[in-house]
Amino acid sequence: MTAPTVRGWSPLRCRGFHAPPASSLKFIPKQRFRHLPEQRSPAPALWSLPLSDLESYFVSLLNASATLPRLRQLHGLIYRSGLHQSCFVLTKLIRSLTALDVPVESYPKLIFRQAKWRNPFLYTALIRGYSLRGNLADCVDLYGSMRRDGISPVTFTFTAIFKACGENLDLRLGEQMHCQMALFGGFGSDLYVGNTLIDMYVKCGVLGSARKMFDLMPERDLISWTTLIVAYSKSQDMASARRLFDCMPEKDAIAWTAMVTGFVQNSKPGEALKLFDRMQTARVSLDEYTLAGVISACAQLGASKYAKWVSEIAEENMLSPTSNVVVGSALIDMYAKCGQVDDAYKVFEAMKERNVYSYSSMIVGFAINGQPKAAISLFHEMLKSTDIRPNDVTFIGVLTACSHGGMVDQGRQIFASMEKTYGILPNADHYACMVDLLGRAGKLTEALELIRKMPVEPHGGVWGALLGACKVHTDPDIAEIAAAQLFIFEPDAVGNYILLSNIYASSGRWDDVLRVRKLMRGKKLRKNPGCSWFEAKKGEIHEFFAGDTKHPRSDEIKQVLDELVGRLEASGYEPILNSVAYDVSDKDKRRILLGHSEKLALAFGILSSTSGSTIRIVKNLRICEDCHSFMCGASQVTGRDIVIRDNMRFHHFRDGACSCRNFW
DNA sequence: GTAGGGTTAG
């Protein structure tokens, strides 16, 4: 055992004494001290020390003790040495106990009750114990006793209580305690107290009060600034977050990371990467947290050039996906979102440690890339050969897989097992998956019934799943019900109006089509122009709009497209004219269909890429039926793999078939 | 005693 050196204690000052070997602490029978040990005569060598030295010595032992049996042992020794009269030692003991999972009510409270003297720190240690477990009522009770005993609180007392108020979202009590604290004066200028108050107000959802606190603080540190930046970004106010960030007198890696991930969480991956670039220019070190945010930004962009770039950065910074579970899981998600599910699985396989994030990302990755069987089998493997328990997101992945794989019964079973076997209450998102599962299988009435009976309030996702299924199965009546709800939840989402209008168009209900168009005009909503992107070999992105002739190689593109249409028609392709939601001539419909942006992108892809390589296209809107059948045919006659990521999902076209099994 | 992270379906 190393001799302790805390608080001026030195072995040299205690002639003849050496710290006892660990084995000498074993002589106290365990059960005797289960609760409070009785006093016994001290061991001579140790107890001959002056009390102040003993105190320091025990505190150093307590600081180094991380297990309950060891703390019990020390407790015994403390009583035998007479140190149980020292508030300092007892405070440390209570703190060490509450840092473990020892319930405050049992052991720590007993020590507190038996203490001969109680000072503010001893009270605070127990209050903090309650606070750590989110037990606000007992925190405040004890604070009351403390005041009745005539003991003045210290800064720690208030930080513990404010933390508990934040955890419990109890704004009223938080404000009350804030006023109480003001009566004592002085505490308000304490940095820790100020920062904890900012955090409390943020957690309680009153950003205004948090900002006021921040503005009133006589001095601020990195934590004050970062807390507020995160609060702004969580409430989708990136402009305020950015303003604060730019005003920060100095920034550390955590502040930079908070800002980068703020952009990611607010679906601004481009901004996130720009800021990350600045972070690197400023030579700020990065860690797994930063990288996870950057990888997530790349995942949102979904372009493989970023995948390569970010993998290199990870390696340069010794953050290998093999050994770092956070980086590994983020990379799995990124590759999956770039449509490179094989690369995602390579990362997954190579990881030394996996957790529920790694498994969920991989399961979702398989599910959205048209490999439902792989997703389900990975789920079963996780249950069978690991101790990792699925969480709500894992079930989203599994249910999505069942839905895309048409496995209705299996989906129903898994959905039922969520609560029964895993204690996870299905939320509205899970119901959306079930509606999707039933809807894709053509069970539209059953899906509607499920929504009407669900115990949680349905949200836009649930009705959207139903509307999507109505598109696949052309059911304008149920579509009307779903759309009516969606127009309430998402009044400005153009896609829903378009979808309903397309369903009407497919059923030839042109009057209704016009009615929806009028509704859109009334709300000043415009259909987003269809746009597709193709990433060329060197990573440059080529953009195509529907009917676009602006590309420098437009003539060649048209030539390739005409040639392709010829070959497709020879093998039986017939344009799906229903996909045009305008009441125009068939000739015009054919012309409009041929101008769809993904077809232009495909033609350019064929023109500019090496033969045999996969053609990857990203599209801003949902792929139409005609383009879908066109791509199936194109993959067959050209022998090329085509991957299209539309705004809903991935389509992997190979040998004339799509991974989505024609349901999307 | 106080600040940053990765997985979510239509």
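Computed from a predicted model, the values in this text were never measured in an experiment.
- No hydrogens or angles considered: a donor-acceptor pair under 3.5 Å links the side chains of A/Tyr504 and A/Glu480.
- Judged by atom type and distance alone, A/Asn195 does not reach the base of B/dG1 through any side-chain donor-acceptor pair under 3.5 Å.
- The interatomic distance linking A/Glu167 (CD) with B/dT2 (C1') rounds to 12 Å, in whole Å.
- A distance cut-off of 5.5 Å between ring centres, combined with a plane angle under 30°, places A/Tyr357 in a stacking arrangement with the base of B/dG6.
- The side chain of A/Thr257 lies closest to B/dG4, out of B/dT8, B/dG1, B/dG4.
- At the heavy-atom level, A/Thr400 lies under 4.0 Å from the strands shown only through sugar-phosphate atoms.
- Note: CG (A/Asn391) to P (B/dG6) measures 14 Å, nearest angstrom.
- Nucleic acid contact for A/Val260: none, since no nucleic acid atom lies under 4.0 Å from a heavy atom of the residue.
- Using a distance-only test at 3.5 Å, with no hydrogens or angles considered, no donor-acceptor pair links the side chain of A/Arg440 to the main chain of A/His404.
- As a whole-Å value, the separation of A/Tyr192 OH from B/dG1 P is 9 Å.
- Atom pair A/Arg389:CZ and B/dT7:P shows a separation of 22 Å (rounding to whole Å applied).
- Contacts of A/Asp287 with the nucleic acid, taken as non-hydrogen atoms under 4.0 Å apart, include base atoms.
- Of the candidate nucleotides B/dG1, B/dG4, B/dT7, B/dG1 has the atom lying nearest to any side-chain atom of A/Asp190.
- A salt bridge between A/Glu349 and A/Lys346 is absent, with no side-chain N of the basic residue lying under 4.0 Å from a carboxylate O of the acidic one.
- Across all strands, A/His459 comes closer than 4.0 Å to no nucleic acid atom at all (heavy-atom distances).
- Within the structure, every side-chain polar atom (N or O) of A/His430 is placed at least 4.0 Å from both OP1 and OP2 of B/dG10.
- Phosphate proximity of B/dA3 to A/Lys251: absent, as no side-chain N or O sits under 4.0 Å from OP1 or OP2.
- When heavy atoms are screened at a 4.0 angstrom cut-off, A/Arg354 is found touching no nucleic acid atom at all.
- Defined by atom type and a distance below 3.5 Å, a donor-acceptor pair is present between the side-chain atoms of A/His652 and A/Asn369.
- A salt bridge links A/Glu625 to A/Lys471: at least one charged side-chain nitrogen sits closer than 4.0 Å to a carboxylate oxygen.
- Within 4.0 Å of A/Asp333, counting heavy atoms only, lie sugar-phosphate atoms of the nucleic acid but no base atom.
- As a whole-Å value, the separation of A/Ile363 CD1 from B/dA9 P is 14 Å.
- In this structure, A/Arg220 reaches neither bases nor backbone, as no heavy-atom distance under 4.0 Å exists between it and the strands shown.
- When the nucleotides B/dA3, B/dG4, B/dT8 are ranked by their closest atom to the side chain of A/Thr261, B/dG4 comes out on top.
- Atom CD in A/Gln265 sits roughly 13 Å away from atom P in B/dT8 (whole-Å rounding).
- Which of B/dG6, B/dG4, B/dA9 sits closest to the side chain of A/Ser296 comes down to B/dG6.
- Residues A/Thr196 and A/Asp199 have side chains that never bring a donor and an acceptor to within less than 3.5 angstrom of each other.
- Listed nucleotides B/dG1, B/dA3, B/dG4 differ in distance to A/Thr155; the shortest reach to its side chain belongs to B/dG1.
- The A/Ser361 side chain lies nearest to B/dT7 when the options are B/dA3, B/dA9, B/dT7.
- One interatomic measurement links the two molecules: CH2 of A/Trp463 to C1' of B/dA9, which rounds to 17 Å at whole-angstrom precision.
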Practice problem: Please lay out, stage by stage, how A/Leu438 and A/Val408 fare under the test side-chain contact (heavy atoms from CB on, under 4.5 Å). | Solution: CA-CA 7 Å; A/Leu438 296 169; A/Val408 180; 4.2 Å; yes
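- Across all strands, A/Thr226 comes closer than 4.0 Å to base atoms (heavy-atom distances).
- Contact annotation for A/Val230: backbone-only contact, meaning every heavy-atom pair under 4.0 Å involves sugar-phosphate atoms and none involves a base.
- Nucleic acid contact class of A/Gly293 (heavy atoms, under 4.0 Å, all strands): none.
- Rounded to an integer number of Å, the gap from A/Asp392 CG to B/dA9 P is 12 Å.
- Among the protein residues, A/Ser358 comes within range of no part of the nucleic acid, since none of its heavy atoms lies under 4.0 Å from any strand.
- Counting any heavy atom pair closer than 4.0 Å across all strands shown, A/Ile229 reaches no nucleic acid atom.
- Defined by atom type and a distance below 3.5 Å, a donor-acceptor pair is missing between the side-chain atoms of A/Asp190 and A/Thr155.
- Listed pair A/Arg622 / B/dG10 fails the phosphate criterion, with no side-chain N or O lying under 4.0 Å from OP1 or OP2.
- Using a 4.0 Å cut-off, no side-chain N or O of A/Ser360 falls inside it from OP1 or OP2 of B/dT8.
- Residue-level contact check: A/Lys471 touches neither bases nor backbone, having no heavy atom under 4.0 Å from any strand.
- Residue A/Asn324 is out of contact with every strand shown, counting any heavy-atom pair closer than 4.0 Å.
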